[in-house]
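Worksheet: the structure to be examined is printed underneath.
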Amino acid sequence: MSEQRYGEWVAVRKDGFVAELVLDRPKAMNAVSSEMARCITAACAALSEDRDVRAVVLTSTHERAFCVGADLKERNSLSDAEMLRHRPVSRAAYTGVLELPMPAIAAVHGYALGGGFELALSCDVIVADPTAVVGLPEVSVGVIPGGGGTQLLPRRVGAARAAELIFSARRVAAAEAHRLGLVDRLAAEGEDRAEALELARGIAANSPVGVRAAKKALRLGQGLDLRAGLEVEDAAWRTVAFSGDRAEGVAAFNEKRSPNWPGE
Ligand SMILES: CCCCCCCCCCCCC[C@H](O)CC(=O)SCCNC(=O)CCNC(=O)[C@H](O)C(C)(C)COP(=O)(O)OP(=O)(O)OC[C@H]1O[C@@H](n2cnc3c(N)ncnc32)[C@H](O)[C@@H]1OP(=O)(O)O
């Protein structure tokens, strides 16, 4: 296990082919300040370049919160001009998580609100424990979901449900969140991180070339009509059809052994 810090508020722990992106600003319940946004962006840039990382788990060191969203204390102190300068900094953090080339799994316990839930929505899978409380309460503080929520939430639960949640700004406890599809798995209390890491290790046992190509097809195909989506899949298929991973995967199956993925 290795650990690399990215600024004061974020760490990346690597164990084999799985990396953990740790939100570590517990005094502010991981509220995303400008500096924390820069830390997240730097960590995502490093992970995106690391061909040995096959899956990422987004976790929190705070006992009662995954992330409570944008730092409302910092926001209150920013001038309009500073706010405008802050946006691309903060935007890079959310985009960084969304565009990780390998599967990303959010391990959520406690509060995942506003930008905190948007970070989780930017992942591919959300694992929550029964203490999770999720929501996009931005309109209750005079803003809108600005970390992708107005686009990611309807793609996950449909336009009407997304509208109800965003307009009402209501917080949703874990059991209802799982029923509504706001989170994908409900782990035992305190087991969100362990279950997310177990899922990540399972993903990491598969072809990294295949998994990354499948993620790309899933993401690019969202919102397309079926015909255009099938063209996206065909293009993704062609990136793996002649890969070393495909050759190794087929050979390993026929030789009844575990594959040793070349990763290219
Ligand atoms: C995917 C690609 C997309 C590209 C798009 C571009 C993105 C651009 C970037 C924009 C990012 C926007 C992000 C988002 O959309 C906007 C927001 O997130 S707005 C904030 C939303 N969050 C909230 O409304 C939650 C606010 N907090 C609470 O409701 C409560 O604190 C709580 C979490 C329910 C906990 O309540 P309690 O247990 O009672 O505890 P306290 O309230 O006393 O809080 C303890 C302590 O923490 C401080 N704190 C809590 N939340 C925040 C916060 N958000 N910011 C700063 N500080 C916070 C709170 O003040 C207390 O501090 P103390 O008083 O003890 O000093």
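Bear in mind the structure is a predicted one, so any value in this text is a computation, not a measurement. Counting begins at 1 with the first residue of the sequence. Atoms within a ligand are numbered from 1 in the order they appear, just like the ligands themselves.
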Next item on the list: Determine, counting only non-hydrogen atoms of the protein, whether one lies under 4.0 angstrom from atom 15 (O) of ligand 1.
Entry: yes

Margin query: Yes or no, since that's all I need: does a protein heavy atom fall within a distance strictly under 4.0 Å of atom 30 (C) of ligand 1?
Written below: no

Margin query: With heavy-atom distances below 4.0 Å as the criterion, list the atoms of ligand 1 near Gly69.
Written below: 18 (O)

Notebook entry, point to check: Taking Asp234 for the side chain and Leu230 for the main chain, is one N or O donor matched with an acceptor at less than 3.5 Å?
Noted result: no

Notebook entry, point to check: Is atom 27 (N) of ligand 1 less than 4.0 angstrom from at least one protein heavy atom?
Noted result: no

Check: Is atom 37 (P) of ligand 1 less than 4.0 angstrom from some protein heavy atom?
Finding: no

Notebook entry, point to check: Can you tell me if Glu74 uses its side chain to pair, donor with acceptor, with the backbone of Ser34 under 3.5 Å?
Noted result: yes

Margin query: For Gly149, is there any backbone N or O sitting under 3.5 Å from a side-chain donor or acceptor partner on Glu118?
Written below: yes

Next item on the list: State whether the side chain of Asp24 and the backbone N or O of Val10 hold a donor-acceptor pair below 3.5 Å, judged by distance alone.
Entry: no

Note to self: Which of the numbered atoms in ligand 1 are under 4.0 angstrom from any heavy atom belonging to Gly148?
What the structure shows: 3 (C), 5 (C)

Note to self: For atom 10 (C) of ligand 1, what's the nearest protein heavy-atom neighbour? Residue, atom name and distance, please.
What the structure shows: Gly146 O, 3.4 Å

Next item on the list: Look at the side chain of Arg13 and the backbone N and O of Leu21, then say whether any donor-acceptor pair between them is shorter than 3.5 Å.
Entry: no

Next item on the list: For salt bridge (Lys or Arg N to Asp or Glu O under 4.0 Å), just list the numbers for Asp129 and Arg193, CA-CA rounded to whole Å, side-chain angles, deciding distance to a tenth of an Å, and then say yes or no.
Entry: CA-CA 9 Å; Asp129 87 347; Arg193 174 177 176 269; over 6 Å; no

Item checked: Nearest neighbour in protein (non-hydrogen) for atom 46 (C) of ligand 1 -> Met29 SD, 4.2 Å

Check: Any protein heavy atom lying closer than 4.0 Å to atom 60 (O) of ligand 1?
Finding: yes

Next item on the list: May I ask whether atom 41 (P) of ligand 1 is less than 4.0 Å from at least one protein heavy atom?
Entry: no

Next item on the list: Can you confirm whether something in the protein, heavy atoms only, sits under 4.0 Å from atom 65 (O) of ligand 1?
Entry: no

Margin query: Is a donor from one side chain sitting under 3.5 angstrom from an acceptor on the other, for Ser207 and Asp245?
Written below: yes

Next item on the list: Run through Leu153, Val134, Val97 and flag the one making a side chain to side chain contact (heavy atoms under 4.5 Å, CB included) with Leu121.
Entry: Leu153

Notebook entry, point to check: Between the side chains of His109 and Asp192, does any donor sit under 3.5 Å from an acceptor?
Noted result: yes

Note to self: Within the 4.0 Å heavy-atom shell around Thr95, which atoms of ligand 1 are there?
What the structure shows: 2 (C), 4 (C)

Next item on the list: Report, in ascending order of atom number, the atoms of ligand 1 lying under 4.0 Å from any heavy atom of Tyr111.
Entry: 33 (C), 34 (C), 35 (C)

